[in-house]
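Below: the structure, in structure tokens.
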Amino acid sequence: MAVKRPSSIKVLGQKYDAKYDYNDEDNLGLTVEETSTIFVRGNLPENKIIRVLMHEVTHAILNETPFSVRKRFDVEEVCDIVGFFLINV
């Protein structure tokens, strides 16, 4: 059963376009804050696309919060941030 790939995702009031034509050999995805765009490799298995998309959405959440000035977080901090802000995604 194929999962519908979202073409956009609203993150804390900011619309991020989701594109599935990313082809960087070193990365599976990329979030570009300046253009509010999430890129994911489209040739991955569907379950991997969803995991990469959620990884990139986490970057978008961090971009849209006051925590965006920080570049490193420990695991519990990320879980707290995502858990708190995910309700608005």
Side-chain angles (χ1 to χ4, degrees):
M1 181 169 98
V3 176
K4 185 175 186 292
R5 297 176 182 179
S7 59
S8 66
I9 300 166
K10 198 168 193 180
V11 177
L12 303 172
Q14 178 64 43
K15 179 184 165 198
Y16 278 74
D17 291 321
K19 306 214 180 266
Y20 302 92
D21 57 355
Y22 191 62
N23 59 8
D24 185 308
E25 290 183 16
D26 296 325
N27 297 293
L28 301 177
L30 175 72
T31 298
V32 180
E33 183 178 6
E34 295 79 15
T35 61
S36 298
T37 306
I38 293 173
F39 295 94
V40 177
R41 274 198 213 168
N43 62 346
L44 299 171
E46 287 299 317
N47 63 336
K48 184 71 171 180
I49 287 174
I50 296 303
R51 287 195 300 264
V52 173
L53 180 61
M54 291 310 301
H55 174 97
E56 297 305 325
V57 166
T58 302
H59 282 295
I61 291 169
L62 293 175
N63 290 344
E64 297 303 323
T65 67
F67 301 103
S68 63
V69 294
R70 287 185 54 196
K71 297 299 176 203
R72 295 282 177 205
F73 299 88
D74 70 30
V75 171
E76 285 303 312
E77 289 174 318
V78 171
C79 292
D80 288 344
I81 292 165
V82 171
F84 181 78
F85 290 104
L86 192 60
I87 193 77
N88 294 312
V89 171

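Treat the numbers as computed from the prediction; the structure is a model and nothing was measured.
- Here salt bridge (Lys or Arg N to Asp or Glu O under 4.0 Å) pairs that include residues 13-29, with residues two or more places apart or in two chains, are K15-D17.
- Applying the side chain to side chain contact (heavy atoms under 4.5 Å, CB included) rule to N23 yields no partners; only residues at least two apart in sequence or on another chain are considered.
- Side-chain heavy-atom separations under 4.5 angstrom define the hydrophobic clusters, and the remaining members of the one that includes F39 are Y22, L30, V32.
- The only member of L44, L28, N43 that meets side chain to side chain contact (heavy atoms under 4.5 Å, CB included) when paired with I49 is L44.
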Could you check V57 against Y16 for side-chain contact (heavy atoms from CB on, under 4.5 Å), going step by step and ending with a plain yes or no? CA-CA 9 Å; V57 166; Y16 278 74; over 6 Å; no
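- Of all non-hydrogen atoms in P6 and A18, the two that sit nearest each other are O-CB, 3.3 Å.
- Taking each heavy atom of I38 and A60 in turn, the nearest pair found is CD1-CB, 4.4 Å.
- Separation of atoms CG (N47) and CD1 (I50) is listed at 8.5 Å; rounding is to 0.5 Å.
- Here ring-ring contact (aromatic ring centres under 6.0 Å, His included) pairs that include residues 40-66, with residues two or more places apart or in two chains, are H55-H59.
- Considering only residues two or more places apart in sequence or on other chains, S7 meets the side chain to side chain donor-acceptor pair (under 3.5 Å) condition with none of them.
- The side chain to side chain donor-acceptor pair (under 3.5 Å) test applied to R5 returns E46, not counting sequence neighbours.
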So L53 and I9, side-chain contact (heavy atoms from CB on, under 4.5 Å) or not? Walk me through it. CA-CA 10 Å; L53 180 61; I9 300 166; 3.8 Å; yes
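- Taking the side chain to side chain donor-acceptor pair (under 3.5 Å) definition, one finds that T31 meets it with E56, sequence neighbours left out.
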